[in-house]
Trainee: 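Have a look at this one.
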Protein chains: 2
Amino acid sequence: MRDAGGIGRPGPVRRPRAVDVAARAGVSVATVSFVVNGKAEGRVSPATRLRVLDAIAALGYVTDASARALATGRRRQVALLAHDMTNPFTAQVAAGAATGIAEATDGTGHLLLLLAAGLDEPDVEPVGAATVDGVLINYPGTLPAGRPDLPVVHLDDPAAGGHQVSLDVAVGARELARHLADLGHRHVVHLDSNRPWSTFAERRAAFADEFARLVPGAVVTDDRCDIDLAAARDHAAQRAEGWRRSGATAVVAATDVQALGVLAGLHGAGVAVPGQLSVAGFDDIPFAEVSAPPLTTVALPARELGHRGAVLLAQVIEDPAAPPGEPVVLPAHLVVRGSTGPATDLIR
Amino acid sequence: MRDAGGIGRPGPVRRPRAVDVAARAGVSVATVSFVVNGKAEGRVSPATRLRVLDAIAALGYVTDASARALATGRRRQVALLAHDMTNPFTAQVAAGAATGIAEATDGTGHLLLLLAAGLDEPDVEPVGAATVDGVLINYPGTLPAGRPDLPVVHLDDPAAGGHQVSLDVAVGARELARHLADLGHRHVVHLDSNRPWSTFAERRAAFADEFARLVPGAVVTDDRCDIDLAAARDHAAQRAEGWRRSGATAVVAATDVQALGVLAGLHGAGVAVPGQLSVAGFDDIPFAEVSAPPLTTVALPARELGHRGAVLLAQVIEDPAAPPGEPVVLPAHLVVRGSTGPATDLIR
DNA sequence: CTGTTAGCGCCTTCAA
DNA sequence: TTGAAGGCGCTAACAG
């Protein structure tokens with residue numbers, strides 16, 4: 001069973017255990033545990049504590065995570081359930097979550113990423129196996145049943161109940177609608193994603209509502225494609241002609257990845273942006289700033305979304321009984337760049 | 001200590017344990033263990049096995065990962081140590097590693113990401129705490145001492161010893177040198193990263209060597225900046241004038257993120273690409289294809305790097321004693337797009 | 001083919 | 001202030 005240390009003599013690279021530290025410091029394992037876990041206060045004399053600390057340093061002792069987890073019931077790990085971490089937005093959420101969880105747990109907590117490339121099912125086994133103390137969900141509808149008590153925080157999923165931190169996408173969408181209305185646009189194509197997530201429904205609804213309110217006879221044509229650069233590029237290249245022919249003068253994509261793909265597709269199709277067609281997106285990923293033309297987009301605080309989510313999750317883990325409370329809502333705002341301009345006259 | 005189930009009566013949401021399954025199926029825990037771990041063959045009768053399986057399904061039993069880890073010494077988790085997962089290259093490596101580890105372990109293995117934003121130290125505590133069975137390193141020089149026996153696979157770090165999977169960046173760099181030489185360039189600025197990693201040194205050396213070999217009187221000016229979109233953009237905007245004045249007609253960046261930043265910076269400075277300055281990078285991240293102009297770059301198989309690395313790591317974990325063997329080297333090749341063109345005449 | 005049992009390493013209550 | 005000891009849930013010898 002044991003696979004290190006051989007039988008009898010001290011193997012070559014056996015990690016030291018609490019007993020070893022105790023022996024070297026001349027104390028019991030309980031004392032070591034107290035010192036290690038910062039519970040020495042009032043239980044262990046300063047002198048003893050120092051001896052233990054010395055022994056730990058000398059031996060290079062590090063508490064075994066599995067053993068501790070088994071004993072305490074705490075794994076000190078949380079998962080981030082996300083779709084496609086290759087998407088810069090997701091990557092930033094992850095980065096924010098990583099710093100957030102570290103901060104909220106004094107560096108003792110860690111992030112386990114559960115990804116799902118493309119349309120595959122995410123691998124949620126760790127959740128069931130209690131590998132994590134909680135999960136951050138940025139991928140609606142993927143939490144497995146069977147663990148109804150697990151601490152969960154939903155990210156940017158307004159339709160979800162429970163603990164959540166969301167984005168005020170509606171406000172941003174309305175700003176964008178006003179911006180396009182001001183530029184004289186009357187007919188815009190709304191390029192949605194293929195995922196039935198509430199955040200996307202909200203983006204579309206708020207935009208369409210405000211646009212219709214501001215522009216008499218406004219037309220919003222619905223279209224959709226995967227949240228993927230190449231997919232959006234090909235889609236746009238193929239539809240460009242039809243969009244213009246239908247009288248549309250702008251394209252609003254549900255995400256920047258799609259918007260950037262559209263930019264590339266239109267470029268390939270010889271459609272000038274914003275000369276012939278304006279383009280805008282949501283997210284404000286870093287690359288939106290360096291595209292040509294730079295992308296007008298509704299900036300969403302991805303990093304903070306992840307950060308706040310992690311901090312909130314840490315609280316929920318700490319006190320699972322506490323009721324959800326008001327959902328945290330992070331602001332969104334329009335960033336106007338070069339991809340949107342005055343509406344052009346129709347082709348004919 | 002226990003925090004679920006209260007005392008005595010069956011708590012509200014206590015997860016079922018192996019004993020519960022055993023009781024329900026009328027067998028011992030050992031039998032349950034065998035069935036769960038696929039070791040029933042020849043030990044448990046098919047009928048018994050089915051009863052156990054039924055009980056597992058009925059109870060919704062899932063083996064506790066911590067307990068299993070403690071008992072087996074296997075954590076079923078590996079870590080990916082990377083710098084800035086916000087970089088698309090890193091994100092793709094991670095995506096590849098995730099599928100690779102899942103594949104190599106039949107879905108029982110998982111990925112733990114250890115990130116390090118900016119210049120911070122990565123959080124390698126999980127490694128010391130034996131939270132993982134091995135680690136994939138894409139961040140040279142960050143593995144902590146104290147666990148010399150830990151299975152490790154180095155990614156794209158030719159200077160590292162041991163198990164590794166690398167990229168043939170030299171071949172790609174030489175192709176790029178030839179491409180620029182053919183276009184008539186004689187003086188190019190090499191925009192390196194600020195990190196002293198062997199892969200970057202190799203990119204530069206191979207490029208410079210080949211360029212000098214092909215172009216009589218070739219000049220390669222060294223410059224550097226952080227691997228960050230904004231940093232590269234600002235750097236380029238500021239240096240653009242100087243670069244052109246010095247006679248340089250092309251800029252080769254160590255990574256695509258930097259190259260795209262340069263593109264943005266030059267655009268802002270009113271320098272035409274490739275009209276006045278050609279630009280090229282390394283990686284071929286998805287966004288390189290949709291920039292304007294599309295970026296000429298040395299394509300590096302990020303996804304496969306992660307995938308192969310994970311598969312190799314799984315093998316090393318399986319058989320830690322096996323010697324490293326020939327390092328795996330993945331091919332790199334030049335992808336010519338619109339950001340490079342004929343060398344222009346000097347300004348004066 | 002199946003049950004019993006001794007750890008895995010740590011935490012924590014209870015005595016001393 | 002410190003030590004002894006039970007238990008966390010599972011795996012894998014070892015008996016039967």
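Everything quoted here is computed from the prediction, not taken from an experiment.
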Trainee: So how far off straight is the helix from dC1(C)-dG16(D) to dA16(C)-dT1(D), going by the axes through five pairs at either end, to 10°?
Mentor: 40°
Trainee: Name the residue closer to the 5' end of DNA chain D, choosing between Ala30(A) and Pro46(A) according to the nucleotide with the nearest heavy atom.
Mentor: Pro46(A)
Trainee: Select from Gly26(B) and Val29(A) the residue whose nearest nucleotide in DNA chain C is closer to the 5' end of that strand.
Mentor: Gly26(B)
Trainee: When all nucleic acid strands are considered with a 4.0 Å heavy-atom cut-off, which category describes Ala18(B): base, sugar-phosphate, or nothing?
Mentor: sugar-phosphate
Trainee: Kindly list each side-chain donor-acceptor pair under 3.5 angstrom involving residues 91-98 of chain B, sequence neighbours excluded, with atom names and distances?
Mentor:
none

Trainee: Check whether any side-chain N or O of Arg74(A) sits under 3.5 Å from a backbone N or O of Asp133(A) as a donor-acceptor pair, and report yes or no.
Mentor: no
Trainee: Between Thr31(A) and dG3(D), does any side-chain N or O lie under 4.0 Å from OP1 or OP2?
Mentor: yes
Trainee: Can you check whether Lys39(B)'s main-chain N or O pairs, donor with acceptor, with Asn37(B)'s side chain at less than 3.5 Å?
Mentor: no
Trainee: So, does Thr72(B) use its side chain to make a donor-acceptor pair with the main chain of Arg68(B) at under 3.5 Å?
Mentor: yes
Trainee: Without decimals, in angstroms, what is the distance between Arg17(B) CZ and dT11(D) P?
Mentor: 14 Å
Trainee: Determine yes or no for a side-chain-to-main-chain donor-acceptor pair under 3.5 angstrom, with Asp20(A) supplying the side chain and Arg17(A) the backbone.
Mentor: yes
Trainee: May I ask you to evaluate whether Thr48(B) reaches the phosphate of dT2(C), defined as a side-chain N or O under 4.0 Å from OP1 or OP2?
Mentor: yes
Trainee: Expressed as a whole number of angstroms, how long is the span from Arg74(B):CZ to dA12(D):C1'?
Mentor: 15 Å
Trainee: For Asp64(B), which residues count as a salt bridge (Lys or Arg N to Asp or Glu O under 4.0 Å) partner, sequence neighbours excluded?
Mentor: Arg75(A), Arg15(B)
Trainee: Atom CG in Leu136(A), atom CG in Leu112(A): separation rounded to 0.5 Å?
Mentor: 12.0 Å
Trainee: Which residues in residues 51-68 of chain B have a heavy atom closer than 4.0 Å to any atom of DNA chain C?
Mentor: none
Trainee: Using the side-chain hydrogen bond (donor to acceptor under 3.5 Å, both in side chains) rule, take Thr199(A) and Asp156(A) through it: C-alpha gap first, then chi angles, then the decisive distance, then the call.
Mentor: CA-CA 6 Å; Thr199(A) 183; Asp156(A) 188 25; 3.0 Å; yes
Trainee: Check whether more than 12 heavy atoms from other residues, nucleotides or ligands sit under 6.0 Å from atom CD of Glu103(A), and answer yes or no.
Mentor: yes
Trainee: In whole Å, I'd like the distance from the CG atom of Leu70(B) to the P atom of dT11(D).
Mentor: 11 Å
Trainee: Report, one line per pair, each donor and acceptor closer than 3.5 Å where one atom sits in a side chain of residues 48-56 of chain A; sequence neighbours left out.
Mentor:
residue: Thr48(A); atom: OG1; partner: Ser45(A); partner atom: OG; Å: 2.4
residue: Arg51(A); atom: NE; partner: Ala25(A); partner atom: O; Å: 3.1
residue: Arg51(A); atom: NH2; partner: Ala25(A); partner atom: O; Å: 3.0

Trainee: Output the distance between atom OG1 (Thr90(A)) and atom OH (Tyr139(A)), rounded to the nearest 0.5 Å.
Mentor: 10.5 Å
Trainee: Which of residues 32-45 of chain B have a heavy atom under 4.0 Å from DNA chain C?
Mentor: Gly42(B), Arg43(B), Val44(B), Ser45(B)
Trainee: Could you state the atom-to-atom distance from CZ of Arg49(B) to P of dT2(C) in whole Å?
Mentor: 12 Å
